[in-house]
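Computed from a predicted model, the values in this text were never measured in an experiment.
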Amino acid sequence: MNTVHLSTRLATVASFVETGAVVADIGSDHAYLPCFLVHNGIVERAIAGEVVKGPYDSAVKNVRHEGLASAVTVRLANGLLAIEASDRVDTVTIAGMGGPLIASILESGKDRLQGVKRIIAQPNIYAKAIREWAISNDWGIIEEAILKEDGKIYEVIVLERGLAMYSELEMLVGPILLQAKSAVFLEKWQRELKEWQRVLVSLEKAEQTAAIEERKHELVMQIDFVGKALMI
């Protein structure tokens, strides 16, 4: 992967960036995504935010090597603090982190989202946390994608401002993904069900305390609910 050829995961994130957007890529690592967006004429300006010094230095180096210093600004900052009002950012991308961490970044920096109209999030795990943050902060899900790369399954969630309500199942698996029920989607939830069943078996062998009994009950309900709802 480099600034010209993205991984399938990041290419999927890039596909949801609208032409002409001003993008802030939070946790940009090597700044591959912002450079790709500029190289391909999707955006003219982008911010690459990185909180860790090593990846920040790598991003600066890559941007200079690509001759994009006038188009891609690299900032060493924590989360959305990388965005300044003068940037006029309208799109935020956050990829390659856990869902709870992405939700935490959005929550702690939501005062920096005033001019932002689209958020594209790619959680590695627990995407539900992002959906929970969205409905609590008046953002709706307009697009979702699920893909498999190098044996791992990833989700991409695209948010825009607006009121939305989702069922318990939609919050867990994604309202748009649930409608499509792609092969990768079904594979993901088959994996999850098997893991829950494995944990349930191990709990059956443990000393049966009140906490264990409660956890077993939760798992049984979860397995039954998801299995029946998805008809797996």
Measuring only between side-chain heavy atoms, which start at C-beta, is [X] closer than 4.5 Å to [Y]?
| X | Y | value |
| --- | --- | --- |
| V184 | L147 | no |
| D138 | L163 | yes |
| P34 | V23 | no |
| Y154 | I146 | no |
| L68 | H39 | yes |
| L178 | L230 | yes |
| K152 | R9 | no |
| V92 | I83 | yes |

Residues W133, I105; criterion side-chain contact (heavy atoms from CB on, under 4.5 Å); working and verdict: CA-CA 10 Å; W133 180 87; I105 288 171; over 6 Å; no

Report yes or no: does [X] contribute a side-chain atom to a donor-acceptor pair with the main-chain N or O of [Y] at less than 3.5 Å?
| X | Y | result |
| --- | --- | --- |
| Q208 | L203 | yes |
| R45 | V22 | no |
| N62 | H30 | yes |
| Y32 | L10 | no |
| E144 | I157 | no |
| N124 | G98 | no |

Contacts under 3.5 angstrom, residues 12-21 side chains, donor-acceptor by atom type, not counting sequence neighbours:
| unit_1 | atom_1 | unit_2 | atom_2 | d |
| --- | --- | --- | --- | --- |
| T12 | OG1 | T8 | O | 2.8 |
| S15 | OG | T12 | O | 2.6 |

Same hydrophobic cluster for [X] and [Y], using side-chain heavy-atom links shorter than 4.5 Å among ILVMFWY?
| X | Y | value |
| --- | --- | --- |
| M171 | L169 | no |
| I125 | V226 | no |
| I142 | I94 | no |

Set of residues satisfying side-chain hydrogen bond (donor to acceptor under 3.5 Å, both in side chains) with respect to [X], sequence neighbours excluded:
| X | result |
| --- | --- |
| R112 | none |
| N78 | none |
| R191 | E187 |
| T73 | none |

F185 CZ to I176 CD1 distance, which is reported to the nearest 0.5 Å: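 The CD1 atom of I176 is 12.0 Å from CZ of F185, to the nearest 0.5 Å.
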
Straight-line distance of I120 CD1 to T93 OG1, nearest 0.5 Å: 6.5 Å

Using the salt bridge (charged side-chain N to carboxylate O under 4.0 Å, His left out) criterion, which residues pair with [X]? Sequence neighbours excluded.
| X | answer |
| --- | --- |
| D224 | K228 |
| E204 | K216 |
| E207 | none |

From CA spacing to verdict: side-chain contact (heavy atoms from CB on, under 4.5 Å), K110, N137: CA-CA 9 Å; K110 59 186 178 183; N137 290 275; 3.0 Å; yes

Side chain to side chain contact (heavy atoms under 4.5 Å, CB included) involving K53 - partner list, sequence neighbours excluded: Y56, D57, L76

For V52, side chain to side chain contact (heavy atoms under 4.5 Å, CB included) partners two or more places apart: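 For V52 the side chain to side chain contact (heavy atoms under 4.5 Å, CB included) partners, ignoring immediate neighbours, are E50, P55.
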
Shortest non-hydrogen separation from S7 to E149 and the atoms involved: CB-OE2, 3.4 Å

Shortest non-hydrogen separation from I47 to A82 and the atoms involved: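 I47 and A82 have their closest heavy atoms at CG2-O, 3.7 Å.
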
Working for side-chain contact (heavy atoms from CB on, under 4.5 Å), residues S182 and L177: CA-CA 7 Å; S182 69; L177 298 180; over 6 Å; no

Intermediate values then yes/no, side-chain contact (heavy atoms from CB on, under 4.5 Å), I119 and I130: CA-CA 11 Å; I119 298 170; I130 296 169; over 6 Å; no

Sequence neighbours excluded - salt bridge (charged side-chain N to carboxylate O under 4.0 Å, His left out) pairs with any residue from residues 67-79: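 Checked against salt bridge (charged side-chain N to carboxylate O under 4.0 Å, His left out) - neighbours excluded - the pairs reaching residues 67-79 are R75-E84, R75-D87.
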
All pairs passing salt bridge (charged side-chain N to carboxylate O under 4.0 Å, His left out) where residues 159-184 contributes a residue, at least two apart: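 As it turns out, the salt bridge (charged side-chain N to carboxylate O under 4.0 Å, His left out) pairs with a partner in residues 159-184, which skip direct neighbours, are R118-E160.
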
